[in-house]
Number of protein chains: 2
Amino acid sequence: MVTLRDVAGHAGVSVSVVSRVLNSDPSIRIRPETRSRVLESARLLRYAPNSAGRSLRRSRTHLLALVVPDVTNATFTDLVNGVESRALDHDYSVLLASSPRMQPGSDGFNRLLNERLVDGVLLQKGDEAPIELVARALSHPERTVLINSGPVSGVATIAIDDVAAGVLATRHLLDLGHTGIGYVGGVPASDTSDRRQAGVVRTLADAGLTLAREHTTALGYTYRSARDAARLLLSRQPAPTALVVGNVNAGIGVLTEAAQMGIRVPDELSVVAIHDIWPAITCAPALTTVRLPMASMGATAVDVLLAGLETSDGDGTDTTSRVVDDPAPELVLRASTAPPPGS
Amino acid sequence: MVTLRDVAGHAGVSVSVVSRVLNSDPSIRIRPETRSRVLESARLLRYAPNSAGRSLRRSRTHLLALVVPDVTNATFTDLVNGVESRALDHDYSVLLASSPRMQPGSDGFNRLLNERLVDGVLLQKGDEAPIELVARALSHPERTVLINSGPVSGVATIAIDDVAAGVLATRHLLDLGHTGIGYVGGVPASDTSDRRQAGVVRTLADAGLTLAREHTTALGYTYRSARDAARLLLSRQPAPTALVVGNVNAGIGVLTEAAQMGIRVPDELSVVAIHDIWPAITCAPALTTVRLPMASMGATAVDVLLAGLETSDGDGTDTTSRVVDDPAPELVLRASTAPPPGS
DNA sequence: ACGTGGTGGTGAAACGTTTGTGCAGATCCT
DNA sequence: AGGATCTGCACAAACGTTTCACCACCACGT
């Protein structure tokens, strides 16, 4: 390790001068030639500041943790990208916590902030974790921002425009002429699913329609759960002619189950799912989706977190709550939607 | 922040005693009642050791970086899981570096080790990065292990059993009765692709066959590149009746292009891809693949890295090079392979 | 009474930074 | 010429931890 001492020795100045020059401290007065001598020495010796020393002194680690339920789930990877990229813009690095041992409430999770390993935490909670429990597990709310996992009073929250997504999907089906529209939702207390469903309901209402209880499920966002949901909904009398699916993995599950049941998509059933990921292209038929600005949301979450750290710096009373709508949710037209049968 | 001083004050002992008790220093002699008083004070005050202070003193951050080309690529997410999980076993946390700004050679990448932000780096390089360039960009080879990205002399390397995977895929096609077998490879200098191809070649040779040059491509592991590759190979005269595809994303690309060309899979063409990810189930037809122990490889990589840090501790002359074969690559039979036409 | 040895701790240095304060010497003003 | 001001840098403390070295005290044997 080459330290400030080494550079100082090489340049024939004191340690503090080296530190101030390298950090371009505005309060320093120094002869230009001394400054360049210092700079040159640092370059020559390949000095790099030791981050532990710096963190200790500044009490900032320039690290943040991104907690997601599962990196394997493609719906989160865009988020990861957005977060990492924006974090780097701010000279922050990202600690990835996706293991169950790192989820809220666990010891690992608490240590992140308690041991001051990271300056703040970005938390996208999973469906299994009830928000009340998560809220109670938050040891440092002022250093936490919830991603698509709110609201919790006293904690900054940032969400996608789920309502708009629901509206967009429903609007598309209405435009095609559907009236028997169902909704395949997430688990019961899922707030994203609630909001997406609200978008569906509202849009149907605007068209003088209602979302039938027997055309709605709340079994979860997974491929598996959606197959169950599809089997249920498609055996109702009358069956819906179109489904809005709250999640794209679930949407693919619906497609699979419909095929299994001998129901042709899009001829006999239209399917539009919310959230766009790559497999939506390659499944058969290619799935029409609503693309969500996940990366952008991740970036905004970083901004909110770091802004909170700047100002509050102790007492975090300025709890933000934003929904990102830029870029806006966007309909991605593929092959799983068509006018209803017999039209 | 509650520090050792606070605990010491509360318990009426010196700072060093608290530190030694909490770290259960074997060399300490202490009255049982004092010890429990210290423990109780720490519990009461919710003491948590400050990681910056600890890192500075111990010159270990208990952090490691996992550098991958792209988290969005599903082929890497299992690896991420394996790494994170095993790292936690060792009380290490994982810094995720997937942004281009964190790739080998970049400033961000170098800072990871130079500033001692992390103790070591796990590097899965991307296809665009030539291994020679990467090798030169490694400022601290002794703190680096290459994942599926070797070999580089002087650097620990860990790889999957690519040859076995190639063998397994080819064996399957031979067993079905195919003789016109082609290979869709990665970019030209890709060592994983070279090894997978070697497995194909060897298995064909064992059966008295050869891999025809005109039935081989090396255009890349991506969906896009594989569509080009498929178009090329399938318009040869004679066309292969079966393809081993070096990567699953590419495999799905082959499927798409075949459909586009009106070639029915598996009736007219069998496709088996190496590496198993979720979309392989949902594409049409479902893709037969060879499942690779990516998580296990990630775990082993962590073991190798940390072992290297223990022993070498300065001069890293014991460069390991392992291929993980447990669990072994496994054929996952789905719907994209069948006996050749007219058999 | 006096060394000896064990018990139960304490003190201080060090890890590498950052930053407020001090202090020589030079320059300037009158 | 003598104080005031400025220039250019050095000193030292502090962040929180770990760990080596040391010491006061007591009991014990002689």
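Note on naming: letters A, B, ... go to the chains in the order of the sequence lines (proteins, then strands), and numbering restarts at 1 for each one.
Side-chain polar atoms of B:T61 and B:D119 form a donor-acceptor pair below 3.5 angstrom. Side-chain contact check for B:S55 and B:R116: no donor-acceptor pair (N or O, by modelled atom type) lies under 3.5 Å. Counted by atom type alone, A:S296 and A:D326 present zero donor-acceptor pairs between their side chains at under 3.5 Å. B:T3 and B:N50 form no side-chain donor-acceptor contact under 3.5 Å, judged by distance and modelled atom types alone.
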Set out, line by line, the N/O atom pairs under 3.5 Å between protein and nucleotides 24-26 of chain C.
none

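Looking at residues 31-50 of chain B, you'll see B:R31, B:T34 sit with a heavy atom under 4.0 Å from some atom of DNA chain C.
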### Message
Does B:D89 form a salt bridge (Lys or Arg N to Asp or Glu O under 4.0 Å) with A:R101? I'd like the steps, not just the answer.
### Response
CA-CA 10 Å; B:D89 290 343; A:R101 276 174 285 172; 2.7 Å; yes
### Audit row: A:N148, A:T192, side-chain hydrogen bond (donor to acceptor under 3.5 Å, both in side chains) steps and yes/no
CA-CA 7 Å; A:N148 249 345; A:T192 64; over 6 Å; no
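The shortest side-chain heavy-atom distance between A:S139 and A:N114 falls under the 4.5 Å cut-off. Using a 4.5 Å heavy-atom threshold, the side chains of A:S51 and B:R111 count as separate.
Remark: the A:S16 side chain and the D:dC11 base include a donor-acceptor N/O pair separated by less than 3.5 Å. Side chain B:R20 to base C:dT10: a donor-acceptor pair is found below 3.5 Å. A donor and an acceptor atom never sit less than 3.5 Å apart when one is taken from the side chain of A:R58 and the other from the base of D:dG16.
When each of B:V13 and A:L56 is assigned the nucleotide of DNA chain C with its nearest heavy atom, B:V13 is the one assigned upstream, toward the 5' end.
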